[in-house]
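These notes concern the structure reproduced below.
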Amino acid sequence: MDKMKLKLLYSDLKSDLDIIEKELAIAVNSSSHLLNEASLHLLRAGGKRIRPVFVLLASKFGNSSIDSIKSVAVSVELIHMASLVHDDVIDDAETRRGRETVKAQWNNRVAMYTGDFLFANAIEYITDLQNTYAHEVLSQTMVELCIGEINQIEDKHYLDQTVRDYLRRIKRKTAILISASCELGAIAAQADEKTIKHLNRFGYYVGMSFQIIDDILDLTSTDEQLGKPAGSDLAQGNITLPVLYVKDDPAIKPLLKEILEGTISDVNRQQLLTKIRESDGIDRAKQVSNIYLQKALNEVRQLPANSAKKSLQNIALFMSKRKF
Amino acid sequence: MNEALIKQHIKQYKDAILKQVLQSTLLKYTGAPVIDEERLFFTLLPLFNGEEWEDSQRNSAIAVTLIFSALAAHDLVKEMNATTKEQQLQVLAGDYYSGKYYQLLASDKQLVLIQQLSDGIATISEHKTRFYDRKLYSFEHLIQSIQLIESKSIEQFFEHYSFHEYVFFMKESLLLISLKKELAAYGQGNDPFYISKSSQLQANINLLKAEIKKVESLLIDEVKNSELLQDHLKSIILEKLMKCTLVQQLREG
């Protein structure tokens with residue numbers, strides 16, 4: 001995703017995001033020399049900070065002040081960071097965002113403890129928010145995130161999975177944390193119940209649309225754009241929506257079998273990607289993403305008028321229409 | 001509370017914990033969560049000594065045990081090449097149990113305890129990384145780290161419910177049991193968690209033995225002379241500590 005364009009979209013939040021960035025640095029500060037190094041390594045890798053942005057924007061629909069919101073924003077970003085550190089162990093990933101992963105620089109065990117440290121700090125931070133419902137939302141989110149990841153491992157290489165299986169998986173893997181970010185921002189700002197519900201649903205729909213686009217881009221972008229070989233999801237056994245639509249195509253099926261078995265040559269990988277790109281799988285997946293985007297925009301329309309409304313709309317459109 | 005009733009309570013708690021985290025895929029590939037019965041015994045020490053114990057204490061004790069299960073799951077992830085499905089799910093098992101502890105306490109509206117325990121988990125993680133740090137820690141610091149890793153969350157649970165007087169017995173007992181297990185495993189040529197990661201501990205095995213003796217003799221004295229602990233509970237604790245010694249002596253021949 002073009003980070004610069006996205007940052008322009010939420011330039012109004014710059015001063016708040018700077019405060020959150022500083023708070024994140026405090027949150028990952030540790031008395032352990034090693035953990036400090038590992039956490040700062042992660043922080044310096046940056047990221048889109050899209051979840052804190054959603055917290056901040058959602059909070060504009062209530063009585064928000066950065067002091068009461070920042071702990072929520074920091075918490076959701078820490079959860080995201082911790083998940084990535086643990087995901088890199090699961091995926092045996094050597095690099096992320098062009099930098100060595102914690103597991104590559106140290107080892108899996110250090111990555112586990114770094115993730116645990118971040119998760120624990122995330123929870124500790126959000127206890128500033130004295131709203132028990134918010135904690136039920138976040139704890140449920142953390143459990144669902146895990147179930148999503150467990151399902152992903154379970155469904156790997158399994159071509160008979162349904163579109164419903166896929167949608168349920170990405171809901172837990174991606175949409176639920178974005179949805180929680182919006183909901184928690186609104187709860188922390190004491191927005192009214194109806195607004196909280198709209199924001200929760202908005203986050204869910206945006207998250208679904210975003211993940212489908214992410215899965216499409218893994219198949220349609222170049223290796224250079226992605227910074228990794230195109231089709232990496234498939235090579236890892238992850239069956240995504242465009243593939244589910246075309247998996248029975250006779251021209252695709254044998255190549256699909258090869259990539260899932262890990263026996264595909266680079267020439268055949270390119271051939272498979274070309275065939276998938278030429279098929280209607282990509283367009284059909286885009287249509288599904290667009291349905292979620294429209295639902296997200298419909299939720300925004302029902303929110304009270306303010307400047308954050310336009311920003312939510314623009315970010316949703318950007319995330320769902322991005323080219324890489 | 002007599003020994004049979006204590007055993008029954010421990011079984012009931014184990015069943016309740018397993019019910020909390022029942023997840024078919026995790027069960028299939030990673031097995032049931034690790035629940036250390038010795039640690040569970042010391043978590044429930046105030047209950048066994050007849051202290052008032054309500055639903056909130058029960059839920060919190062389950063949550064604390066889930067924290068240890070979560071941390072234990074991550075200790076089972078191999079340092080390198082954790083690429084099998086079982087290992088990948090071991091990572092997620094730890095995260096899942098961790099989410100469940102938070103969920104349980106959130107549903108019980110225990111925000112203060114959540115704050116304390118999460119702070120404790122962060123501290124435990126910091127102390128675990130000491131065993132991977134290039135920086136050299138002193139023998140005393142490493143023993144402190146082991147004690148903290150083994151008992152911090154239970155200490156916070158006790159403090160939260162004003163069971164302050166039990167902290168000493170719990171902390172020293174868990175340290176002693178842990179050190180004895182480590183030493184026995186090391187003596188058998190295995191790679192116990194702490195010693196295998198610390199050249200400092202490996203170089204000071206005699207110091208470790210002396211530390212075990214020191215903690216053991218202090219603890220036995222304190223248990224015997226305690227006015228807090230009921231007599232039958234004293235016997236059970238002493239038996240646990242002696243059993244641990246006996247097992248070690250048998251292992252050492």
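Naming convention: chains lettered A, B, ... in sequence-line order (proteins, then strands); numbering from 1 in each chain. In this text the structure is predicted, and so the values were computed from the model without any measurement. Note that these values count all heavy atoms, side chains included, but never hydrogens, waters or copies made by symmetry.
When the candidates B:Asp119, B:Leu71, B:Val112, B:Ile114 are compared by the number of heavy-atom contacts under 4.5 Å with chain A, B:Asp119 comes out ahead. The greatest number of non-hydrogen atom pairs below 4.5 Å with chain B, out of A:Asp91, A:Leu145, A:Ile153, is found for A:Ile153. In terms of heavy-atom pairs under 4.5 Å with chain A, the best-connected choice from B:Leu26, B:Ile121, B:Val91 is B:Val91. The candidate with the highest count of non-hydrogen atom pairs below 4.5 Å against chain B, out of A:Thr141, A:Asn107, A:Ile126, is A:Asn107. Of the listed residues B:Leu117, B:Leu89, B:Asp95, the one with more heavy-atom pairs under 4.5 angstrom with chain A than any other is B:Asp95. Counting heavy-atom pairs closer than 4.5 Å to chain B, the top-ranked of the candidates A:Leu138, A:Ile123, A:Asp128, A:Leu35 is A:Ile123.
For a residue to count as touching a neighbouring chain, one of its non-hydrogen atoms must lie under 4.5 Å from one of that chain's; by this rule B:Asp75 touches chain A with backbone and side chain alike. For B:Gln23, the part lying near chain A is the side chain, with the backbone staying farther off; criterion is any non-hydrogen pair under 4.5 Å. Heavy-atom distances place no part of A:Lys103 under 4.5 Å from chain B, backbone and side chain included. With a 4.5 angstrom heavy-atom cutoff, A:Glu37 touches chain B only via side-chain atoms. For A:Leu118, no part lies under 4.5 angstrom from a heavy atom of chain B. For B:Ser98, no part lies under 4.5 angstrom from a heavy atom of chain A. Of the two parts of A:Asp92, only the side chain, counted from C-beta on, holds a non-hydrogen atom closer than 4.5 Å to a non-hydrogen atom of chain B. Looking at A:Ser139, both its backbone and its side chain come within 4.5 Å of chain B, counting heavy atoms on both sides. Heavy atoms closer than 4.5 Å to chain B are found in both the backbone and the side chain of A:Val89.
When all heavy atoms are compared, the tightest approach of A:Arg109 to B:His74 is CD-O, 3.6 Å.
Taking the six-membered ring for Trp and the full ring otherwise, the centers of B:Tyr101 and B:Tyr97 sit at least 6.0 Å from each other.
Applying the side chain to side chain donor-acceptor pair (under 3.5 Å) test between A:Arg169 and each of A:Asn238, A:Asn151, A:Asp155 identifies A:Asp155 as the sole match. Each of B:Ile35, B:Leu105, B:Val21 was scored for a side chain to side chain contact (heavy atoms under 4.5 Å, CB included) with B:Leu66, with one residue passing: B:Val21.
Taking 4.0 Å as the cut-off between side-chain N and carboxylate O, A:Arg269 and A:Glu258 do not count as a salt-bridged pair. Using a 4.0 Å cut-off between charged side-chain N and carboxylate O, A:Lys171 and A:Glu144 make no salt bridge. A salt bridge is defined here as a Lys NZ or Arg NE, NH1 or NH2 lying under 4.0 Å from an Asp or Glu carboxylate O, and A:Glu136 with B:Lys109 meets this definition.
Heavy-atom neighbours of A:Glu261 CD from other residues, nucleotides or ligands within 6.0 Å: above the threshold of 12. A 6.0 Å sphere centred on CD of B:Glu86 holds more than 12 heavy atoms belonging to other residues, nucleotides or ligands.
Between the side chains of B:Ser56 and B:Asn59, no donor-acceptor pair of N or O atoms lies under 3.5 Å.
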